[in-house]
Amino acid sequence: MEYRNITIAYWERTILRDINILIEPGEFVFLIGTSGSGKTSFIKSLLWAKKLKSGNIIDDNGTDIAEFSPKELLEYRRSLGIIFQDFKLLPKKTVRENVAFAMEVCGYSAYEITRRVPEVLAKVWLLAKKEVFVETLSGWEIQRTCIARALIHDPQIIIWDEPTGNLDRTNATEIMHLLNELNQSGKTIIMATHDETIVNSMKKRVIAFEDGKIVSDKEWGNYCL
Ligand SMILES: Nc1ncnc2c1ncn2[C@@H]1O[C@H](COP(=O)(O)OP(=O)(O)OP(=O)(O)O)[C@@H](O)[C@H]1O
Ligand SMILES: [Mg+2]
């Protein structure tokens, strides 16, 4: 997708100004920047959950997302798998029930749900935990449940908005493995993160935000703040 000269503001306060970014299908991109630099706002605009002050976002089919009808917007959003900082799971339900519930809400049939849930749980290595209640899961297992839920529509683009310091150090290797697997299956990966170790060891494209601008955009980048 492509961001063309976009500006994002909350009322009079500009967060990102005149940003241009092209992300090709199948790319792997880290978004970095200090807290408040606009990573989440950048992601929300891609979902069209935050409108732009100016500029255009063009999807992988060349359509300006501002021009979608409500139905097209829904379809477009389904092509994005989002793991958000503040996504809530239902603690009194199991891993399986949480993913199934997300599918129910989206109108999938019981047959589809029974078929699809084990598939997505397998992708995040959670099949063995499918009947475990979410309230008893570890942080990384919770994250993976959220990832499984984001995969239900088989999205082309996976967006992970990582909360500050939420990832356990010991899981870094697993996280990288999982992201690589998803990327190798052809998905575009966009991950907003503060995790220096992950960024530095993955050697992927790194886009850095600061003071409302892109201060660095490098293939094979490092955590350069
Ligand atoms: N709904 C909102 N209304 C007003 N200001 C907002 C709103 N959402 C975010 N902001 C402000 O916009 C700026 C960018 O926020 P954003 O959440 O995009 O940053 P971030 O880079 O994701 O930070 P973090 O690394 O902490 O997640 C912040 O100063 C924030 O306070
Ligand atoms: Mg954020």
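Below, each value reflects all heavy atoms present in this structure, side chains not excepted, and no hydrogens, waters or symmetry copies. In each ligand, atom 1 is the first atom listed, and ligand 1 is the first ligand listed.
In plain terms, the two heavy atoms of R149 and N98 that are nearest each other are CD-O, 4.2 Å. Pairing each heavy atom of L151 with each of I158, the nearest pair is CD2-CD1, 3.6 Å.
Below 4.0 Å from some heavy atom of W11 lie the following atoms of ligand 1, by number and element: 3 (N), 4 (C). Every atom of ligand 1 is numbered from 1 in the order shown, and the set under 4.0 Å from a heavy atom of S41 is 14 (C), 15 (O), 16 (P), 18 (O).
With T188 contributing its side chain and G26 its backbone, the two residues share a donor-acceptor pair below 3.5 Å. Between the side chain of D64 and the backbone N or O of N56 there is no donor-acceptor pair closer than 3.5 Å. In this structure, D59 contributes its side chain and N61 its backbone to a donor-acceptor pair below 3.5 Å.
Ligand 1 lies less than 4.0 angstrom from a heavy atom belonging to R13. The shortest heavy-atom distance from S37 to ligand 1 is under 4.0 Å. Judged by the shortest distance from any of its heavy atoms, H194 lies inside the 4.0 Å radius around the atoms of ligand 1.
Taking the ring centre of F30 as origin, the terminal cationic atom of K39 falls outside the region bounded by 6.0 Å and 45° from the ring axis.
The Mg ion (ligand 2) has no N, O or S atom of S35 inside 2.8 Å of it.
Counting heavy atoms under 4.0 Å from ligand 1, residue I15 touches it through the side chain alone.
A salt bridge does not link E75 to R78: none of the charged side-chain nitrogens sits closer than 4.0 Å to a carboxylate oxygen.
Looking at G36 next to ligand 1, an N or O pair under 3.5 Å apart turns up.
For atom 5 (N) of ligand 1, the candidate residues are F42, F209, Y10; the nearest heavy-atom contact is made by Y10.
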